[in-house]
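Any value given below was found using the heavy atoms of this structure, including those in side chains, with hydrogens, waters and symmetry copies removed. Just so we're on the same page: letters track the sequence lines, and every chain starts at 1.
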Amino acid sequence: MVKVQLPDGSIQEYPEGSTAYDVAAKIGPRLAQACVAASVDGQIADLRRPLPADKQVKLKLLTDRDAEALGVMRHSAAHVMARAVMRLFPNVGLAFGPTLPNGFYYDFDMPDRIREEDFSRIEKAMAEIVAEAEPFERFELPREEALGFCADLNQNLKVEHLKTGLADHATLSFYRQGEFVDLCRGPHIPDAGKIKAFKLLSVAASHFKGDASGRSLQRLYGTAFFHQKDLDAYLAQVEEAKRRDHRVLGKLHNLFHISNDVGQGLCLWLPKGATVRGILEEFIKVELIKRGYQPVYTPHIGRVEMYETSGHFPYYRDSQFSPIFGHPAGAIVDRWITLLESNELTPEKERQFQEFSPLLEAKIENYPQGGSVAEKVQALRAWQGHQERYLLKPMNCPHHVQIYKSQQRSYRDLPVRLAEFGTVYRHEQSGELNGMLRVRGLTQDDAHQFCTPEQVEDEFRQTVELVQFVLGSLGLDDYRVQLSLRDPNSDKYVGSDENWKRAESALRHVLEEMKLPFEPRQGEAAFYGPKADFMVRDCIGREWQLGTVQLDYNLPERFQLEYIGADNKAHQPVMIHRAPFGSMERFVGVLIEHFAAAFPLWLAPEQVRILPISEKVNDYAASVEQQLKAAGFRATTDLRSAKINGKIRDAQLELIPYMLVIGQKEAEQGTVTVRDRLDAEHQKTVPVAQALSEFAAEVKERRIRQTVKPAASSFGGGEEAAANEY
RNA sequence: GCUGCUGUAGCUCAGCUGGUAGAGCGCGUCCUUGGUAAGGACGAGGUCAUGGGUUCAAGUCCCAUCAGCAGCUCCA
């Protein structure tokens with residue numbers, strides 16, 4: 001007997017071997033037709049798999065209205081795509097074909113290269129497969145047979161995966177659809193006919209199991225929906241995202257520039273972009289003073305030893321700019337030590353090092369010819385210790401730690417909150433660089449709070465509130481919190497288990513207390529502590545990681561920080577690292593996309609443009625401009641000999657929030673005609689003073705007046721997608 | 001860093017199977033003084049990313065380098 005409980009609470013019984021489809025058919029033929037999968041005790045399963053007979057299960061029948069069903073269908077679409085590719089190309093090896101939040105992909109190992117020109121014929125082959133509407137049939141094989149089966153199919157990557165990733169599986173499941181068979185966990189839709197709208201999106205290289213040293217595969221991306229209108233809406237959103245690309249808008253509106261002559265990933269802030277950044281910096285500085293932070297400034301470089309103490313230098317060596325050596329032999333000795341420590345120093349190389357260093361006037365004393373590696377390293381380090389070695393700073397924390405250490409601290413002084421817009425440099429891999437979003441020189445709105453263990457939770461809470469306030473002020477109030485924890489099985493973290501447990505539970509506790517929903521993510525922590533990351537959704541539904549708050553018991557230990565407690569004994573403070581914006585580069589980049597470069601009045605590089613209708617009113621225009629500037633507005637006057645139409649068009653395209661049209665009439669009356677970027681229909685002619693006070697109010701409130709309505713997060717079911725039509 | 005694609009005027013892009021460069025916008029000058037998304041005329045701008053090679057001849061073909069883009073990998 002199969003016992004199922006339906007979502008309405010009713011319990012029904014079916015003969016053994018019954019499937020979810022049978023349940024649906026009993027309820028009604030239309031439901032059976034509409035079903036694509038089932039949720040059995042919360043697990044998504046094939047519609048036609050027998051339900052468990054040994055216990056009562058909760059059954060939910062999934063139709064095209066359920067988000068889970070969309071994922072199942074996309075997975076099946078990935079199979080259909082792979083089948084189409086195999087029909088069109090020879091010797092296609094299959095890797096993985098999972099779903100993504102907005103679609104799916106399949107990785108292929110094949111001799112031919114897929115090009116975008118091939119998309120239409122692949123789509124055509126897919127359409128044929130969909131039209132055939134053959135069922136997806138599941139079958140299972142014992143391990144050895146599965147291995148032989150995949151080998152017979154010449155699916156070597158599947159064989160490899162069976163031997164490594166699936167080594168502990170005694171039986172393996174496969175799905176067959178016509179001539180196409182794939183090792184696959186499932187579940188799948190009943191037949192390909194349920195795929196109603198699909199499209200191939202792009203093709204790019206990938207690696208088997210994400211191993212960059214492994215073989216290169218071709219990854220074909222696509223997406224699929226239950227309704228054509230959902231696909232259309234999705235494609236429209238992709239277009240919209242393209243239109244908002246901060247690299248394009250940054251160039252068009254002269255916000256920032258990245259010059260080859262300066263270097264990759266090094267951002268030049270043009271006056272307009274710098275204005276936006278400056279306003280944001282002023283905005284947060286005022287907030288910080290209110291909240292008890294103290295400003296500090298620190299240099300752009302620091303001794304390598306300091307970063308060795310903090311752990312940054314050894315941990316991130318590969319993604320830092322090379323150290324700056326005071327002595328010409330510095331880099332050589334550095335390399336020498338590296339080879340010694342990795343046991344790669346051959347006698348030949350050692351001899352070369354020893355011959356070469358005197359040429360650079362490096363006198364390395366007491367280098368033990370036949371000595372141990374440790375003794376040799378010690379001798380070299382002794383030499384190094386007398387030389388200057390600086391690192392372009394990759395993080396501000398060690399510098400702020402030194403400021404903390406510069407004085408004796410009493411528990412009465414804590415918390416000490418040190419804030420700086422600190423510019424740091426990281427040698428990101430060239431393939432990672434992306435406009436302002438990923439750069440090699442960036443300025444963090446950084447601060448470090450040093451507090452007693454008792455103050456940790458309170459301090460952390462206040463910091464989270466600051467992040468919330470800052471994001472809210474920019475209209476970015478749709479976000480989720482990701483609690484990034486360490487992976488207990490990894491050795492990439494510093495500090496004791498006890499420190500980590502304390503830090504992680506403190507973060508968790510405060511987030512729970514603040515009733516902030518969060519998702520724990522193992523293995524995402526910084527190397528010195530766990531963090532709460534703010535994943536912010538912009539107005540077209542994309543997510544960005546912006547602000548971060550990190551709790552750190554480890555750097556205080558490594559730097560031996562102290563404060564004198566009430567008991568007159570030395571204690572160790574706790575550090576909080578935080579950056580509400582993250583970095584100014586990234587944040588402004590995201591804002592450009594969020595606002596599509598149409599900044600609200602308080603942030604707009606140029607807030608008001610005065611448009612004289614003819615030269616006869618230029619003097620009056622000048623006096624209006626003076627009044628605006630005296631009141632603190634960023635205003636210019638368009639004095640070109642163009643017609644008013646042209647001036648309005650240009651100001652509109654440059655996204656100037658307000659235009660003040662001035663003609664003979666206004667000059668005589670001492671008024672201006674205000675034209676709103678967002679509403680050209682309702683213009684009004686008002687005295688200059690009134691326009692000024694209205695603008696001032698809008699700036700003071702940091703009012704955000706967007707035309708684009710917030711969109712839903714992702715393209716799930718039909719209802720959700722409807723909300724995306726903006 | 002890896003794989004693939006791309007690099008022509010300030011910007012967006014044409015430029016055929018090799019025969020020493022074009023458009024629109026922008027910019028400059030002049031005319032025009034115009035009431036709500038482009039008034040007109042003329043003009044200046046390019047070592048075709050850089051360096052090699054093949055060829056009588058290279059923007060075009062080949063190689064290398066640099067940079068950009070997409071994806072992978074990484075992100076304190």
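If you check every strand for non-hydrogen atoms under 4.0 Å, Q683(A) touches a base. Counting non-hydrogen atoms under 4.0 angstrom, G663(A) reaches a base of the nucleic acid. Within 4.0 Å (heavy atoms only), S430(A) reaches at least one base atom of the nucleic acid. Residue R675(A) is classed as a base contact, given a heavy-atom separation below 4.0 Å to a base. Residue K665(A) is in base contact, counting any heavy-atom pair closer than 4.0 Å across all strands shown. The residue Q550(A) sits close only to the backbone: its heavy atoms come under 4.0 Å of sugar-phosphate atoms, none of a base. Backbone-only engagement by I644(A) is indicated by non-hydrogen atom pairs under 4.0 Å involving sugar-phosphate atoms exclusively. Nucleic acid contact class of E524(A) (heavy atoms, under 4.0 Å, all strands): none. In this structure, K393(A) reaches neither bases nor backbone, as no heavy-atom distance under 4.0 Å exists between it and the strands shown. Contacts of Y316(A) with the nucleic acid, taken as non-hydrogen atoms under 4.0 Å apart, include base atoms.
Residue L653(A) is the one, among E428(A) and L653(A), whose nearest nucleotide of RNA chain B lies closer to the 5' end (criterion: closest heavy atom). With the nearest nucleotide of RNA chain B identified for both R440(A) and G265(A), R440(A) has the one nearer the 5' end.
Atom P of nucleotide A67(B) and atom CG of L268(A) are separated by 16 Å, given to the nearest angstrom. The distance from atom CG of L546(A) to atom P of C75(B) is 19 Å, rounded to the nearest whole Å. As a whole-Å value, the separation of E615(A) CD from U32(B) C1' is 10 Å. Atom-to-atom, CG of L201(A) to P of G71(B) comes out at 11 Å; the value is rounded to the nearest Å. Between F96(A) atom CZ and U73(B) atom P the separation is 12 Å, expressed in whole Å. Spacing between atom CZ of F108(A) and atom P of G71(B) amounts to 18 Å, rounded to whole angstrom units. For the pair Y315(A) OH and A76(B) P, the interatomic distance rounds to 8 Å; values are reported in whole Å. Separating the CZ atom of R438(A) from the C1' atom of C72(B) is a distance of 13 Å, rounded to the nearest angstrom.
Residues R578(A) and V467(A) form no side-chain contact, since every pair of their non-hydrogen atoms from C-beta on lies 4.5 Å or further apart.
Nucleotide C56(B) has G19(B) as its partner under the Watson-Crick or G-U criteria, with both atom distances under 3.5 Å.
Comparing G28(B) with G45(B), their P atoms are spaced 16 Å from each other, to the whole Å. Separation of the P atoms belonging to G59(B) and U20(B) is 10 Å when rounded to the nearest angstrom.
Among the nucleotides A76(B), A70(B), G35(B), the one closest to any side-chain atom of Q320(A) is A76(B).
Residue K251(A) places at least one side-chain N or O under 4.0 Å from the OP1 or OP2 atom of U12(B). Close to C72(B), at under 4.0 Å from its OP1 or OP2, lies a side-chain N or O of Y221(A). The phosphate of C66(B) (OP1 or OP2) has no side-chain N or O of Q264(A) nearer than 4.0 angstrom.
Between Y106(A) and F104(A), the ring centre distance reaches or exceeds 6.0 Å.
No side-chain N or O of H577(A) forms a donor-acceptor pair with one of D446(A) less than 3.5 Å apart. When only modelled atom types and interatomic distance are considered, T548(A) and D533(A) share a side-chain donor-acceptor pair under 3.5 Å. For the 3.5 Å distance criterion, the side chains of H682(A) and D679(A) qualify, holding a donor opposite an acceptor.
Evaluation of atom-type donor-acceptor distances gives a pair under 3.5 Å for the side chain of E666(A) against the base of G35(B).
Pairing each heavy atom of R558(A) with each of E308(A), the nearest pair is NH2-O, 3.9 Å.
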